[in-house]
Amino acid sequence: MIKYSAALCVLSAALSLTGCKKGDLLSNPNASNRATPTLVLSNLTANMASADEKPFAGAHRTNQYLVSNTSYYWGTNFYNWTNSNHRYDIMRYATKLEEEAKRQYGETANVYMGLAKFFRAYSGIWLSQRVGDIPFSQAGDPNNLTPKYDSQKDLYAAALKLLEEANGIFDDLIAKKVISPNNLLDAKGDIFKLTNAQWQKVINAFRLRILISLSNRADDTPDLAVKQKLNEILTNQTKNPLLDGNMDNMVYRSNQSFNPYSPFFYRPYSYGVNISKTLLDITTSTKDPRTYIFATPAPAQYNRQGGKAISDFTAYVGASTNETQAVLFAQTDTDGGSTAGDKSAYSYINDRRYFRAQDGSGTEHYILFSYAEMCFNIAEALHRQWATGNAEEWYMKGVQASLQLYDLEQGSKVTVGDRLGRSLGTSPLTSMAF
């Protein structure tokens with residue numbers, strides 16, 4: 001019995017010594033560190049759609065498109081910034097995508113390597129536009145836990161270089177017929193379901209977005225060659241193809257099963273938010289028909305007290321961010337079944353368009369890159385005489401592309417609803433001059 005106890009003591013001592021052994025205590029030996037490029041791409045494309053930037057989310061209050069009149073359901077109107085470090089996930093997975101692409105295809109350039117460069121640039125620009133200098137050139141290396149900070153200027157230079165290389169990869173693969181421009185790049189991994197050619201166009205549209213965003217620094221940063229790079233893209237669209245229409249838009253689409261349209265769950269409390277004065281002052285003064293699409297007329301303007309027609313742009317009134325929530329909420333009808341007595345001075349979100357279906361049918365989806373935006377960027381560049389072309393023509397192309405997203409055309413009619421989704425009548429589109 002004594003010998004048995006002694007043996008247990010020796011065993012316990014041995015276990016305690018080995019339990020203190022130094023080494024990698026974080027890695028799971030049962031987990032694989034490998035993944036297919038398709039799986040990594042699925043993660044990347046899904047996470048490009050930031051929850052805070054989806055329709056009627058926090059960013060729309062920050063940008064003063066919406067004004068919350070009750071914090072309980074729609075939050076406050078303060079600039080309550082949180083953090084941006086979660087967007088480093090895109091950079092981390094971009095590094096993983098390149099790693100897996102090389103593991104599967106070798107060092108030969110392929111579409112996944114091109115996309116890895118795009119996502120790395122996208123992540124870096126997104127972060128730097130919000131916080132300035134960030135770790136970039138050394139970021140994403142799991143063996144380097146203290147990567148150096150890059151200046152914003154160096155980051156922009158590096159991101160533009162990555163995008164130029166990404167475009168070159170696609171250009172070379174398509175020219176050599178390694179890939180077909182009209183085939184889907186990755187039917188399972190890419191939630192946007194873009195073709196090889198469309199991905200190349202998105203990459204170049206992003207290059208234009210970055211370059212035009214630097215317009216105020218184009219003259220004092222000659223080493224970035226902002227004007228020259230933009231001119232090269234516009235004057236050689238064979239090598240640098242651009243979006244050709246709304247069919248090339250990068251769109252995050254909703255569905256009822258997995259990612260329902262984001263504002264749907266707020267439907268019972270649609271009274272809690274108003275369209276902003278910042279937005280409606282612009283659209284009503286220019287008689288923009290999109291006013292009828294995203295806003296309701298203010299109840300105090302069209303009901304018995306106001307008596308204005310629902311087609312009257314002055315019936316659409318935005319709430320000011322200078323008003324307190326208590327003042328705004330005091331005018332709001334919180335009765336979920338009727339708006340007959342609603343005397344609110346301000347417009348609501350158009351329930352008929354945005355709250356009627358979880359799959360987002362009948363409304364525009366979350367667009368990350370659009371033909372309309374690209375047209376405006378080109379118009380801006382031409383207006384600044386960075387390239388030769390008709391700025392007004394490109395501007396009008398952008399306007400028309402945006403209107404098409406809402407199915408607006410001269411002579412058609414738009415059904416105007418109240419905040420509960422009931423029809424107030426139709427408004428003819430007779431003011432469209434384009």
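Values in this document were obtained by computation on a predicted structure and should not be read as measured data.
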Using modelled atom types and a 3.5 Å cut-off, is there a donor and acceptor pairing between side-chain atoms of [X] and backbone atoms of [Y]?
X	Y	result
T45	S42	yes
D351	F355	no
K193	A187	yes
Q198	T195	yes
N377	I212	no
T235	N231	yes
T95	M91	yes
Q64	S276	no
D190	L194	yes
T70	G272	no

Quick one: are the ring centres of [X] and [Y] less than 6.0 Å apart?
X	Y	value
F313	Y292	yes
Y122	F206	yes
Y149	F136	no
W199	F118	yes

[X] atom [atom1], neighbour heavy-atom count above 12 within 6.0 Å:
X	atom1	result
K277	NZ	no
E392	CD	no
K413	NZ	no

For the pair [X] and [Y], find out whether any cationic side-chain nitrogen is under 4.0 Å from an anionic carboxylate oxygen.
X	Y	answer
D223	K153	yes
E53	R130	yes
D219	K227	yes
K96	E99	yes
D418	R422	yes

Does any part of the side chain of [Y], heavy atoms only, come nearer than 4.5 Å to the side chain of [X], both counted from C-beta?
X	Y	result
F294	Y406	no
N274	L66	no
L230	I378	no
N43	L39	no
R217	V226	no
K117	L163	no
Y112	T38	yes
K239	E232	no

### Message
Test side-chain hydrogen bond (donor to acceptor under 3.5 Å, both in side chains) on Q200 and N167; report intermediate values, then the result.
### Response
CA-CA 6 Å; Q200 186 181 9; N167 174 66; 2.9 Å; yes
### Query
Could you walk me through whether Q331 and S344 pass the side-chain hydrogen bond (donor to acceptor under 3.5 Å, both in side chains) check?
CA-CA 5 Å; Q331 304 178 69; S344 174; 5.6 Å; no
### Message
Would R419 and Y271 count as a cation-pi pair here, with the cationic atom under 6.0 angstrom from the ring centre and within 45° of the axis?
### Response
no
### Query
So F119 and Y93, ring pair (Phe, Tyr, Trp, His ring centres under 6.0 Å) or not? Walk me through it.
CA-CA 9 Å; F119 283 113; Y93 278 96; over 10 Å; no
Have [X] and [Y] got a donor and an acceptor in their side chains that come within less than 3.5 Å?
X	Y	answer
D288	T286	no
S180	N182	no
N350	R353	no
N144	Q138	yes

### Query
Stepwise, does the side-chain hydrogen bond (donor to acceptor under 3.5 Å, both in side chains) test hold for S68 with Q325?
CA-CA 7 Å; S68 170; Q325 285 188 314; 3.1 Å; yes
### Step-by-step side-chain contact (heavy atoms from CB on, under 4.5 Å) determination, L185 to L41
CA-CA 11 Å; L185 186 144; L41 181 60; 3.9 Å; yes
### Message
F56 and ring-ring contact (aromatic ring centres under 6.0 Å, His included): which single residue from Y354, W74, Y366 fits?
### Response
Y354
### Partners passing ring-ring contact (aromatic ring centres under 6.0 Å, His included) against H60 (at least two apart in sequence or in another chain)
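Residues passing ring-ring contact (aromatic ring centres under 6.0 Å, His included) with H60: Y65.
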